[in-house]
Amino acid sequence: DAENAFNATKSGDAENSFLFYLGNFSGENNYKTKNQDLLATTVVYLNTTNKVFSKRAVRQGLSAALDRTAIAEAVGGKAATALVPYGVFETTKASKSFRKVGGNILSYYSSTEPLNSVSGTVTVTVLKGKKEHLTAANMLAEAWKQYGITVELRELEYDKYCAVMQLGSYEACIADLHAYSTDAFSILAQFSTKYNGRALKQNENYEYGFASHATGLKDDEFDALMEQAFAETNLKQRAKLLHQAEDLLVDDMVAIPLYFNVDSYVTTEMSGLKTSWYGFKVFNKVKVSDYKKYIEMEEKALEEQLENESK
């Protein structure tokens, strides 16, 4: 497993030292890791129909109450400063990051004063087996408890979790908000009325209308900016519109950003390994020093396997 491979790497045991992946590298070992920003931000969706989350100022206060740096360190991510992650481009080139241009939007929401007038119990839904989300949920619960809000955790299996996410049948839910491309529109559009990809709603007169985001967000100004960005052909002007849209979305705070997802991994005796923006490893230009010994190891393992099978 990864732990044994890591220990083999440290001790110089080439026979048992292979490329391996780390889902939650804690940094406790003094081994150099490689980090790649990914196209995802882990967030807490808040259902605005819930009494506790119905007021924008309270949602902003709940965001301000969180120690994102501590959460990010606990899960192996990067403390969120907004919704759109670092992997997203400003326009069409990776050299200019949408996040770096947009800056730290969350720094404007540092007051917890609105929480002085709120209390109650809320349920936070997480995907069962997703340790990073559970860790974040527990830290969130501790932070909110100081302001009179009790958090109950609900872990769901994948199918039920997806159904709850789609229907919006949660009070709060931790999830990875993915950008489906390096274009900021792909992540912001998920909150818009016309571009969120949700099924159309039918009323009693069999008339169809657009469905709002599962959080219940309704922001006409945000929708108008997304319409303009969709139609804009000047890339620099389009980027400005998307930054304005993100500012509004963060102000609405229906999705509290926790941390930016990062792919961290260790390699040994290998160079040229790359990571795509989606976290997939790209082996096109990989080179392994003294690769022949690995061929010999593989041949030896195959011989042993055949010998054992013949017994």
Side-chain angles (χ1 to χ4, degrees), residues 41-72 79-85 99 102-126 133 136-154 165 168-175 177 184 187-193 196 211-226 241-260:
T41 304
T42 298
V43 303
V44 186
Y45 288 115
L46 303 179
N47 192 324
T48 57
T49 63
N50 182 278
K51 183 179 179 180
V52 175
F53 305 134
S54 61
K55 294 182 179 180
R56 179 184 302 182
V58 170
R59 298 195 297 269
Q60 293 171 352
L62 290 171
S63 171
L66 302 177
D67 185 343
R68 290 178 174 80
T69 300
I71 293 174
T81 55
L83 271 173
V84 178
R99 181 71 283 119
N104 185 351
I105 302 176
L106 289 175
S107 64
Y108 298 105
Y109 301 94
S110 58
S111 174
T112 57
E113 187 176 346
L115 302 183
N116 296 333
S117 60
V118 67
S119 63
T121 299
V122 296
T123 300
V124 176
T125 300
V126 296
H133 289 186
N138 283 318
M139 296 178 76
L140 174 150
E142 285 298 313
W144 287 359
K145 184 171 66 174
Q146 299 177 40
Y147 297 93
I149 299 174
T150 301
V151 172
E152 296 178 349
L153 297 181
R154 177 175 65 160
M165 282 288 293
S169 54
Y170 56 78
E171 295 181 351
C173 183
I174 295 183
L177 174 61
I187 193 168
L188 297 174
Q190 299 174 50
F191 295 89
S192 67
T193 302
N196 60 29
S212 62
H213 186 264
T215 57
L217 172 66
K218 293 180 181 179
D219 188 324
D220 293 338
E221 188 178 357
F222 173 76
D223 283 343
L225 282 170
M226 294 305 292
L241 292 169
L242 292 173
H243 280 294
Q244 292 175 40
E246 184 189 27
D247 289 346
L248 281 177
L249 192 54
V250 172
D251 189 68
D252 284 321
M253 208 67 79
V254 293
I256 298 178
L258 297 178
Y259 57 89
F260 297 136

To the closest 0.5 Å, what do you measure between OG1 (T215) and CG (D252)? 8.5 Å

Donor-acceptor contact below 3.5 Å, side chain R68 vs main chain Y259: no

For I149 and S119, the nearest pair of non-hydrogen atoms, with its separation, is CG1-CA, 4.4 Å

Compare all side-chain heavy atoms of L106 with those of M253 and state whether any distance is below 4.5 angstrom. yes

To the nearest 0.5 Å, how far apart are CD1 in I105 and CG in D247? 4.5 Å

So, for P257 and A82, which heavy atoms are closest and what is the spacing to 0.1 Å? CB-O, 3.2 Å

List the steps, then state whether side-chain contact (heavy atoms from CB on, under 4.5 Å) holds for D251 with Q60. CA-CA 7 Å; D251 189 68; Q60 293 171 352; 3.2 Å; yes

Would you say the side chain of I187 lies within less than 4.5 Å of the side chain of P85, judging by non-hydrogen atoms? yes

For a quick test of reading the model, state the closest non-hydrogen atom pair linking A175 to M165 and the distance between them. CB-CE, 3.8 Å

What is the minimum heavy-atom distance between V124 and A137, and which atoms define it? CG1-CB, 4.4 Å

Would you say the side-chain atoms of T41 pair up with the backbone N or O of L83, donor to acceptor, closer than 3.5 Å? yes

Contact between F222 and T193 at the side-chain level, heavy atoms closer than 4.5 Å - yes or no? no

Would you give the length of the straight line joining atom CG of L66 to atom CG of L140, rounded to the nearest 0.5 angstrom? 5.0 Å

Output for pair (D220 CG, L248 CG), nearest 0.5 Å, gives 11.0 Å

Which is it for I174 and V43 under the side-chain contact (heavy atoms from CB on, under 4.5 Å) test, yes or no, and what are the steps along the way? CA-CA 6 Å; I174 295 183; V43 303; over 6 Å; no

Steps toward side-chain contact (heavy atoms from CB on, under 4.5 Å) verdict (M139, D67): CA-CA 9 Å; M139 296 178 76; D67 185 343; over 6 Å; no

Taking all heavy atoms of L225 and all of Q244, pick out the closest pair and write down the distance. CD2-OE1, 3.6 Å

Interatomic distance, CD@E246 vs CZ@R99, rounded to 0.5 Å, equals 4.0 Å

Report yes if the side chains of I256 and R59 come closer than 4.5 Å at any heavy-atom pair, otherwise no. no

With a 4.5 Å limit on heavy-atom distance, are the side chains of Q146 and L115 in contact? no

Heavy-atom distance under 4.5 Å between the side chains of L46 and V122, does that happen here? no

Return yes if some donor-acceptor pair links the side-chain N/O of N47 with the main-chain N/O of G216 below 3.5 Å, else return no. no

V250 vs Y109, side-chain contact (heavy atoms from CB on, under 4.5 Å): CA-CA, chis, key distance, verdict: CA-CA 9 Å; V250 172; Y109 301 94; 3.8 Å; yes

Residues A79 and A72: closest non-hydrogen pair is N-CB, 3.3 Å

Straight-line distance of R56 CZ to D219 CG, nearest 0.5 Å: 6.5 Å

Are F191 and M226 close enough that some pair of their side-chain heavy atoms sits under 4.5 Å apart? no

W144 side chain near L62 side chain, heavy-atom distance below 4.5 Å: yes

